[in-house]
Amino acid sequence: MIALTIAVAVAVTAAAGLYLALSRDLMRIVIGLLLIGSSANLFVFGVGGLGQALAPLVEPGLPAPDGPVADPLPQALVLTAIVIGFALACFAVALVLALQRRTGAADAGAMTRAEPPARADGEPGDLA
Amino acid sequence: MSALLAVSPVLVPLLTAAACVALARRPRLQAGMSLAGAIAWLACALLLVRAVGGGEVLVTRFGDWPAPFAIEFRIDPAGALLIAASALLAVLALAVPARGGGTGMHSPLRHPLVHGLLAGVGGAYATGDLFNLYVWYEVMLISALGLIVLGGRAQHLEAGFKYLTLNLFGTILVLLAIAGLYGLTGQLNLAALVQALGERGDDPLARALLALLMVSLLIKAGGLPFFFWLPAAYPVLPPAMLALFSALATKVGVFALLRVSAGLPAELAETFLPWLGWLAVAGMVVGVLGAAYHYDTRRILAFHSVSQIGYMLLAVALGGTMGLAAALFFILHHMLVKSSLFLLGGMMARSGAGFDLRRSGGLLAARPMLAVLFALSAASLVGIPPLSGFWAKLLVVRESFALGQFAWGAAALAVGGLTLYSMVKIWIEAFWKPAPETTNEVAPGPPRALPAGAWLASATLAGLTLAVGLAPQPLIDYLQLAAGAMLAPGAELPR
């Protein structure tokens, strides 16, 4: 049951993120990418196996416990991924704010300064 | 001692970056520190090449955990040589002095970011652990983004945004694929993972996750159909940084693909590598057509990178010792030649009328030495003997025909013709054509002196492509050895 819940959550978050990322508004694109990143984090969390298990801690000198032991690695992985994702999120939001302040535009389709479109006669445009 | 040497690809740039942050208020001292750090990195990389030059693999497991549980740095001959080549390019790019405003070259953040990028590159070449690879990709991504937006103008921000969206999506896919493969096999160590996949054979889930991993690495490598971040972002960079990016950014993705595909068991390789080959051929053609259309040196060369990445991926798809050696040879050749061309493009722009070829001309008379260097590098890119590009293409084409992939070999030859066309276009427009009439009445004074560092860097690179072209056999021997080491990963793993 918990596995199904996580699976649905991953799918819904990824779908919502993809929907936002495919729009033309810059801030929506960033939020969409962050949502996709969150769904990836949830997926990483889920691959360790969900359900009842013993903590993966063994006292010194004692034998390993019987029965299933939780996999501690996905938690370490997901923590790393969250930290990295957080840094990139801050950068991305700051970049979009700077772009909007500089150009006043929030439309991804209007971003042609680094890739100027062809001139009217079909020749390549000028790059400053 | 050898453990310290094994982590030096990451440790040296990180320490240099920290020192450069501390020296942020003393620009001259910071530039000196940065160059010294890059030279130290090169020295460490050369020591690594000497240590693994006999075909050994230097494996360091952190925390002394047993294989395959430890995060390991496994430096094989190929990785060591690629780190050394990256370090050489870093030294040369940092030797080009900062000139002109509005490019971010004077920012106190530039040197720390460059070394952050180098640390990511060193880690990505050194690591044998997939999750660790993801972390180094993110280190590279954030440093590269910083360098792109450092110019601060609207075009830099826009280029940075495009780079961010496509590459961030790529790293998320890398993470998803790695996590899925871990869930399936319980392995993060690349060698152990590939071995475990071989035992699963026909599992469709394993195949889907492996495909996801290869697609995400293709985004990082700038392969078709995922290359769009490359020509969007590269042209706004100042030439010295452009040379560095072209030598580092995509090569790491190609190398990771090389490592993954080298270890694949035969039945998985038969499924995936033909796809990779056709995508590579399509990338070769699309990239060179983009280059043929454009008139801005930076955009021409950026599209050429897409085309050349196609050659590298084609060699990866051919597989086997010769295919992998050809891919490695092509990567090294491209690092030298494309960086040299980007630097020369910057020097041409400085001595003429900017990067747009339609407005430049007359450089053959004004700058004969520049013409010689450009002709050497461009001929090498086209693949004219006796330059490194000839051998790189020969290895790829010969292996295509040897394996019966005649369409791939023919495409590689035809793309060479189109490469010649766009290089000749630069030559005619910038060097042969008389300088265009200047509209303003100011008489053109004596040409501005070009910085000695830029001459040094581009002459070194052009000399190296000539040297490799004249005596390719030692390099080919070394790379065959390296390819052999890559084809048998995890020989030391417990079965």
Side-chain angles (χ1 to χ4, degrees), chain A residues 10 14 17-18 21 26 29-30 32-34 36-49 71 73-74 76-78 80-81 83-85 87-92 94-105 108 110-116 118 122-128, chain B residues 69 102 131-132 134-135 137-139 141-142 145-146 148-149 152-165 167-169 171-184 186 188 228 231-236 290 293-300 354-359:
Chain A
V10 168
L18 205 56
L26 297 185
I29 295 177
V30 166
L33 281 172
L34 299 182
I36 298 176
S38 301
S39 84
N41 289 346
L42 211 52
F43 177 73
V44 178
F45 183 72
V47 296
D71 183 352
L73 201 53
L77 302 186
V78 82
T80 314
V83 173
I84 292 173
L88 280 169
C90 294
F91 183 89
L95 180 60
V96 169
L97 290 178
L99 255 175
Q100 286 182 346
R101 205 168 32 206
R102 189 68 53 92
T103 65
M111 292 174 49
T112 54
R113 285 184 184 79
E115 285 179 294
E123 289 285 303
D126 292 315
L127 183 65
Chain B
F69 303 108
F131 192 79
N132 205 230
Y134 157 77
V135 174
Y137 276 162
E138 297 283 33
V139 171
L141 174 60
I142 196 81
L145 276 169
I148 291 173
V149 301
R153 292 201 305 227
Q155 55 170 346
H156 298 114
L157 300 182
E158 288 189 353
F161 186 77
K162 291 176 182 173
Y163 191 91
L164 171 74
T165 26
N167 273 291
L168 185 56
F169 189 66
T171 41
I172 291 173
L173 290 190
V174 173
L175 179 63
L176 275 176
I178 291 171
L181 288 169
Y182 173 72
L184 202 63
L188 282 173
F228 295 99
Y234 278 21
V236 302
Y293 167 69
H294 279 294
Y295 272 100
D296 186 298
T297 329
R298 295 166 296 182
R299 297 179 90 183
I300 294 176
F355 287 97
D356 198 314
L357 291 174
R358 289 168 294 199
R359 285 196 295 274

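So you know, we letter chains A, B, ... as the sequences are listed, proteins then strands, and number each from 1. Every heavy atom of this structure was used, including side-chain atoms; hydrogens, water molecules and symmetry mates were not. All values reported here derive from a predicted model rather than from experimental measurement.
Heavy atoms only, all atoms of each residue included: B/G180 and A/F43 are closest at N-CE2, 3.7 Å.
For the set A/L77, A/D71, A/V96, A/L73, the entry with the most heavy-atom pairs within less than 4.5 Å of chain B is A/L77. Ranked by heavy-atom pairs under 4.5 Å with chain B, the list A/V44, A/L99, A/T103 is led by A/L99. Interface check for chain A: of the options B/L188, B/L157, B/D296, B/I142, the most heavy-atom pairs under 4.5 Å are formed by B/L157. The greatest number of non-hydrogen atom pairs below 4.5 Å with chain B, out of A/N41, A/L95, A/V30, is found for A/L95.
Atom CD1 of A/I29 sits about 12.0 Å away from atom CG of B/L168, to the nearest 0.5 Å.
Heavy atoms of B/Y293 lying under 4.5 Å from chain A belong to its backbone as well as its side chain. Of the two parts of B/L173, neither the backbone nor the side chain holds a non-hydrogen atom closer than 4.5 Å to a non-hydrogen atom of chain A. There is no contact between B/Y234 and chain A, counting heavy-atom distances below 4.5 Å. With a threshold of 4.5 angstrom between heavy atoms, A/A118 approaches chain B through its backbone and through its side chain. Using a 4.5 Å cut-off between heavy atoms, B/Y182 contacts chain A through its side chain alone, with no backbone atom that close. Contacts between B/I178 and chain A at a heavy-atom distance below 4.5 Å are absent for every atom of the residue.
No donor-acceptor pair under 3.5 Å is formed between the side chain of B/K162 and the backbone N or O of A/A114. No donor-acceptor pair under 3.5 Å is formed between the side chain of B/E138 and the backbone N or O of A/I84. At distances below 3.5 Å, not a single donor-acceptor pair connects side-chain atoms of A/R102 with backbone N or O atoms of B/Q155.
With sequence neighbours left out, B/D356 forms a side-chain hydrogen bond (donor to acceptor under 3.5 Å, both in side chains) with B/R358.
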